[in-house]
A.B. asks: 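I have a structure here, written as structure tokens, and I will follow up with some questions on it.
Naming convention: chains lettered A, B, ... in sequence-line order (proteins, then strands); numbering from 1 in each chain. What you see is a predicted model, and the numbers here were worked out from it, not measured in a lab.
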There are 2 protein chains.
Amino acid sequence: MSRNNAGLSRERIILEALHIIAGRGLGGLSMRRLGDALEVEAMAIYHHFPLGKEQLFNAITAYVASPAPQGTVPIDPADLAGGGGEEGETEDPAAAEAGDTRPWDVRLTEWAHAYRARLLEFSGALSLLVHRAPQTPSTAATRALLHRALTEAGLSGQDVQRGADAVHSYCVGAVVHQVRHQDEEDAPDEGEARARFDFGLRALLRGLV
Amino acid sequence: MSRNNAGLSRERIILEALHIIAGRGLGGLSMRRLGDALEVEAMAIYHHFPLGKEQLFNAITAYVASPAPQGTVPIDPADLAGGGGEEGETEDPAAAEAGDTRPWDVRLTEWAHAYRARLLEFSGALSLLVHRAPQTPSTAATRALLHRALTEAGLSGQDVQRGADAVHSYCVGAVVHQVRHQDEEDAPDEGEARARFDFGLRALLRGLV
DNA sequence: ACCTGAACACCGTTCAAGT
DNA sequence: ACCTGAACACCGTTCAAGT
């Protein structure tokens, strides 16, 4: 029991926290329980997140809201109150998208589906997103992607930003709506849930252009 | 200090809880602090919410998500796990709306603005909505209103339900988006925030019909 | 640098007791 | 019926100490 290097890392901590959240809900995540799962004293976590649980929540939010290539945990010692991580580690998804020659609506819809899938995968942490908007390479890439697509669609001026906000809002809202109602008796299965998501997304895009 | 009837009620408790949440955030709401604010021992709250904090959270969610006439607190001893209150006390907003002869998009937009205002007013409790979908007279009235409006707009079959979900999703998502980013330096003022909300809502309605 | 272990203030909830 | 007050298990975090 008396080791002094348990191989802890921000990434391991975040992943284990997400695992606990998936199993017991956000309220079931305590520093002590997280320490147990990592086979470490709870206080060891504070060496990696000196600002405590709030900073851990910020990092979890940045991870969940960044549908980047797997393993790309934002690593930044300064994701202080209100901020998120900053550094990615694999190739830049914005650069990969820049040369994409497919129609704007195909690119946008593909992004929306990926984002939706990510939020659903970590739906237990979804409520963290309500009061945190971390800035990561992934969120910057998303903004660039949405702006390029909507500009190509014919929007200009402030309509580009407003359109991007509308698309982003719809995606988050649709996932929240699904998660909110998923325990009801007449809840749709994943096929119908996705069909509803697409129905609204198509309508929004149609009305936007 | 030795009174045994402090005039506590579910409504007073919910209102005081909302006041604490507005001032110190959801994490700042504790049963002990709530008791202090109500000038009562924390344990007195359990007489009105026997299932504890979880039941209180459900009741708060039902209150926030029910933009009914002021003072209409859902009063139901059985808003158990996952459920909300059931009984309203003032006149039925669905009945009031039934004879509304204005165009469908006007009625729908008016509802959306009222709902948005309600969610913004209690934005500190917004994250409670993510995992709770209370059923109240107000939510039933909302469903009826949306279905009537979208049917009048020409939708039919499952498109009515899908369209209603899309509108609902967009409204919640837009408020979440605004609250998420409201502490940033380039955050829009309320005028611009509302303009963005309208921009997306109009686009969605345009694409829906 | 990385982790432990005791300590402190606070928390949700139970339960027996008061009126 | 409505509220109190002590008690219990648990929590986040600080701090001095170990390696």
A.B. asks: Please output the side-chain donor-acceptor pairs of residues 15-37 of chain B that fall under 3.5 Å, not counting sequence neighbours, one pair per line with the distance.
C.D. replies:
residue : atom : partner : partner atom : Å
B:S30   : OG   : B:R33   : N            : 3.0
B:R33   : NE   : B:G28   : O            : 3.1
B:R33   : NH2  : B:G28   : O            : 3.0

A.B. asks: Which whole-number value in Å describes the distance from B:E54 CD to C:dG12 P?
C.D. replies: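 After rounding, the reported distance stands at 12 Å.
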A.B. asks: Does B:D105 offer a backbone N or O that forms a donor-acceptor pair with the side chain of B:T109 under 3.5 Å?
C.D. replies: yes
A.B. asks: Can you check the B:Y46 OH to C:dA17 P distance for me, whole Å?
C.D. replies: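 So the OH-P distance, B:Y46 to C:dA17, works out to 21 Å.
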A.B. asks: What stem regions, each of at least 3 consecutive Watson-Crick or G-U pairs below 3.5 Å, can be found for DNA chain C?
C.D. replies: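 Expected stems, ordered by start: C:4-8 with D:12-16, C:12-16 with D:4-8.
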A.B. asks: Considering only side-chain heavy atoms of B:A44, which listed nucleotide, C:dT4, D:dT4, D:dC11, is closest?
C.D. replies: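 Nearest listed nucleotide: D:dT4.
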A.B. asks: What is the distance, rounded to the nearest whole Å, between atom CD1 of B:I45 and atom C1' of C:dC11?
C.D. replies: 13 Å
A.B. asks: Among all residues two or more places apart in sequence or in another chain, which pass the side-chain contact (heavy atoms from CB on, under 4.5 Å) test with A:H147?
C.D. replies: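 Scan of A:H147 (side-chain contact (heavy atoms from CB on, under 4.5 Å), adjacent residues dropped) gives A:R143, A:V160, A:Q161, A:A164.
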A.B. asks: Using the ring of each side chain (for Trp, its six-membered ring), is B:H113 parallel, tilted or perpendicular to B:F197, with breaks at 30° and 60°?
C.D. replies: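 Ring orientation of B:H113 relative to B:F197: tilted.
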A.B. asks: Which of the following nucleotides, C:dT4, C:dT13, D:dG12, is nearest to the side chain of A:S30?
C.D. replies: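 Between C:dT4, C:dT13, D:dG12, the one nearest the side chain of A:S30 would be D:dG12.
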A.B. asks: Say whether, by atom type as modelled, one donor and one acceptor occur between the side chain of B:Y115 and the main chain of B:A65 under 3.5 angstrom.
C.D. replies: no
A.B. asks: Reckon B:M43 touches a base, only the sugar-phosphate, or nothing at all at heavy-atom distances under 4.0 Å?
C.D. replies: base
A.B. asks: Can you name the closest pair of heavy atoms from A:L150 and A:G163 and give their distance?
C.D. replies: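 Answer, listing the atom of A:L150 first, then A:G163: CD1-C, 3.5 Å.
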A.B. asks: Whole Å only: how far is the CD atom of B:E41 from the P atom of C:dG12?
C.D. replies: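 Going from CD in B:E41 over to P in C:dG12 covers 14 Å.
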A.B. asks: Given D:dC3, C:dC2, C:dC11, which nucleotide is nearest the side-chain atoms of B:L8?
C.D. replies: D:dC3
